[in-house]
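What you see is a predicted model; the values in this text were computed from it and never measured. Ligands are counted one by one from 1 in listed order, and the atoms in each one are counted from 1 as well.
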Amino acid sequence: MTTLIKGGLVIGPTGAHHADVLVDGETIAALYAPGRGPSDVETIDATGKYVIPGAIDAHTHMQLPFGGTEASDTFDTGTRAAAIGGTTTIIDFAVQRYGEVVHDSLAAWHAKADGNCHIDYAFHMILGGVDDESLKAMDRLVTDEGISSFKLFMAYPGVFYSDDGQILRAMQKARANGSMIMMHAENGPAIDVLVQQALQRGETDPVFHGLTRPQELEAEATSRAIWLAAVASDCPLYIVHLSASKALEQVKAARDLGRNVFAETCPQYLYLTLEDQLGAPGFEGAKWVCSTPLRSGKESHRADLWQGLRTNDLSVVSTDHCPFCMKDQKELGLGDFSKIPNGIGGVEHRVDLLYQGVVDGKLSLARWVETIATTPARMFGLYPKKGVIAPGSDADIVIYDPHARTRISVETHHMNMDHSAWEGWEIDGGVDTVLSRGTVVARGGTYTGRAGHGRFVKRGLSDYLL
Ligand code: DUC
Ligand code: ZN
Ligand code: ZN
């Protein structure tokens, strides 16, 4: 089928221009000066609206077994919600736990996703056990499986944690095979000491989750990861879910030295705070228990992160979508914050929440598109198939209405969660129409796609490395 998206303002990382976009089958066939495209095809009227590449969420955890339970969105429910919110590709984290064979873990993740996704998807690999076997497996994942990035944890001793020697070995391997190391940068052993001390003092409420993970322990781990990567001949390093000013300083300093160091942040760190959300009365704050934690609104974290996005010290905004319901899941931590499953769900709202940053004057339109679509595609080897409106690229397209208004609520969201981390938030804009590989999957808030439409995408190496 051939469709012309007419009258819209096409936005990319280098700016905006009026053009009509011709979609032929699954790909973009051509861009025309307004009114110059074919007249004998179906049209979608985008007059007064933005036409942007489908957004890419480079950090999701569908069905992640974690914290004694499992993330509540399946690949079915999570990718459907993503699509409705304008995200047309996710990169989820397949998980190798200590003692597991990497390829078995990968097969298990494929089995969860296969046939269930509404949009295209790719995988990073979490290495929970760095040893001779898993290091060898990294090469094959890059060359054969389309997995070119590996997440390691400096946090969660006894779960996903890698020590510095393991980290260095994985970084050396990544440097050799061209892949990227993604780092959860928090000093886990030190955090565990603070957690035990807090619990001994009877400090059990959700807010102590944040207070026992001070920004210094994020900054220290970020710095250590950066220097370990330097020792590994400047292995490409991507810091995930960066939340704190002092951690950002470390990334900035490395980037100023020209290092292969990148970082993402997430909407929760741009907008929410330790006091207002995590510190909500009673057990309510459990909704916002995630790691890295929300930071104090009395400090400059949020302003610094917005600035980091403008200056490209932060390259990407992902969600770290890791939803848990309050009932039976977050409630596991009633009376002991350390047992609250860590995670916030938000895969449906990232496009809108970042657009609000444009409305508020914190981000340009071009930078909005760059941080949610183009850079994730380039960072993780999906470009130019994804992340750009150009002939030959997949027709993953979002028509965004700057005159709409979006209200976020558990009553209307599509994620499998019994609450919203963004309850009552209003956005000055809204997703109008979403195309995934040429198929309209959402229009005017109505979902029109299907499970099984989404395909696994093998990724190449990052575009950002010479
Ligand atoms: N942080 C979270 O909040 N959830 C999942 C894993 C992680 O690192
Ligand atoms: Zn993490
Ligand atoms: Zn994560």
Side-chain angles (χ1 to χ4, degrees), residues 56-73 78 82 90-97 109 121-128 149-162 167 170 180-188 191-192 195 206 209-210 212-213 215 217-218 221-222 225 237-244 247 262-269 272 274 277-278 285-295 316-326 329-330 332-333 337-347 350 376 380 415 417 421:
I56 297 167
D57 194 337
H59 190 151
T60 69
H61 299 285
M62 306 302 172
Q63 291 171 249
L64 174 73
F66 193 55
T69 181
E70 184 168 298
S72 58
D73 263 320
I90 60 162
I91 314 180
D92 201 81
F93 286 84
V95 180
Q96 179 247 1
R97 291 173 174 272
W109 231 262
Y121 61 101
F123 294 148
H124 314 284
M125 191 87 211
I126 286 174
L127 294 179
S149 40
F150 300 89
K151 183 178 178 190
L152 302 176
F153 287 77
M154 302 169 102
Y156 303 127
V159 187
F160 294 133
Y161 176 77
S162 291
I167 290 170
M180 177 86 80
I181 293 295
M182 306 173 78
M183 190 61 77
H184 181 127
E186 286 187 296
N187 185 324
I191 286 168
D192 279 2
V195 168
H209 170 80
T212 54
R213 305 179 93 92
Q215 67 157 332
L217 295 183
E218 184 182 348
T222 302
L237 174 67
Y238 177 98
I239 305 291
V240 294
H241 48 57
L242 189 146
S243 68
F262 310 93
E264 68 174 15
T265 191
C266 312
Q268 52 269 34
Y269 307 118
L272 310 182
L274 182 140
Q277 279 80 29
L278 196 53
K287 293 174 180 170
W288 296 279
V289 165
C290 61
S291 297
T292 53
L294 302 185
R295 298 298 176 187
V316 171
V317 180
S318 309
T319 57
D320 195 7
H321 178 74
C322 191
F324 296 103
C325 291
M326 285 295 267
Q329 296 198 299
K330 293 282 186 181
L332 293 168
F337 70 85
S338 72
K339 296 200 165 53
I340 300 169
N342 288 199
I344 288 183
V347 76
R350 184 182 54 128
F380 294 112
M415 300 175 290
M417 294 174 69

What protein heavy atom is closest to atom 6 (C) of ligand 1, reported as residue, atom name and distance in Å?
-> F66 CE2, 3.9 Å

Verify whether the ring centers belonging to Y156 and H184 lie closer than 6.0 Å.
-> yes

For E218, does its backbone N or O pair with a side-chain atom of R213 as donor and acceptor, under 3.5 Å?
-> no

Aromatic ring proximity F262/F380, centre distance under 6.0 Å | no

Tell me yes or no: between the side chains of H209 and S291, is some donor less than 3.5 Å from an acceptor?
-> yes

Of the protein's non-hydrogen atoms, which lies at the shortest distance from atom 4 (N) of ligand 1, and what is that distance?
-> N342 O, 2.9 Å

Is it the side chain, the backbone, both or neither of K151 that has a heavy atom closer than 4.0 Å to ligand 1?
-> side chain

Is a donor on one side and an acceptor on the other found under 3.5 Å between the side chain of D92 and the backbone of M62?
-> yes

Sort by chain and number the protein N/O/S atoms that are closer than 2.8 Å to the Zn ion (ligand 3), and list them.
-> H59 NE2, H61 NE2, D320 OD1

Starting from atom 2 (C) of ligand 1, which protein heavy atom do you reach first, and at what distance in Å?
-> S291 O, 3.4 Å

Side chain Y269, main chain T292, donor-acceptor under 3.5 Å = yes

Any donor-acceptor pair under 3.5 Å from D73 side chain to P323 backbone = no

Atoms of ligand 1 under 4.0 Å from any heavy atom of D320, numbered from 1 in the order shown, are 1 (N), 2 (C)

Taking heavy atoms and a distance under 4.0 Å, where does C322 meet ligand 1: side chain, backbone, both or neither?
-> side chain

Answer with side chain, backbone, both or neither: which part of T292 has a heavy atom less than 4.0 angstrom from an atom of ligand 1?
-> neither

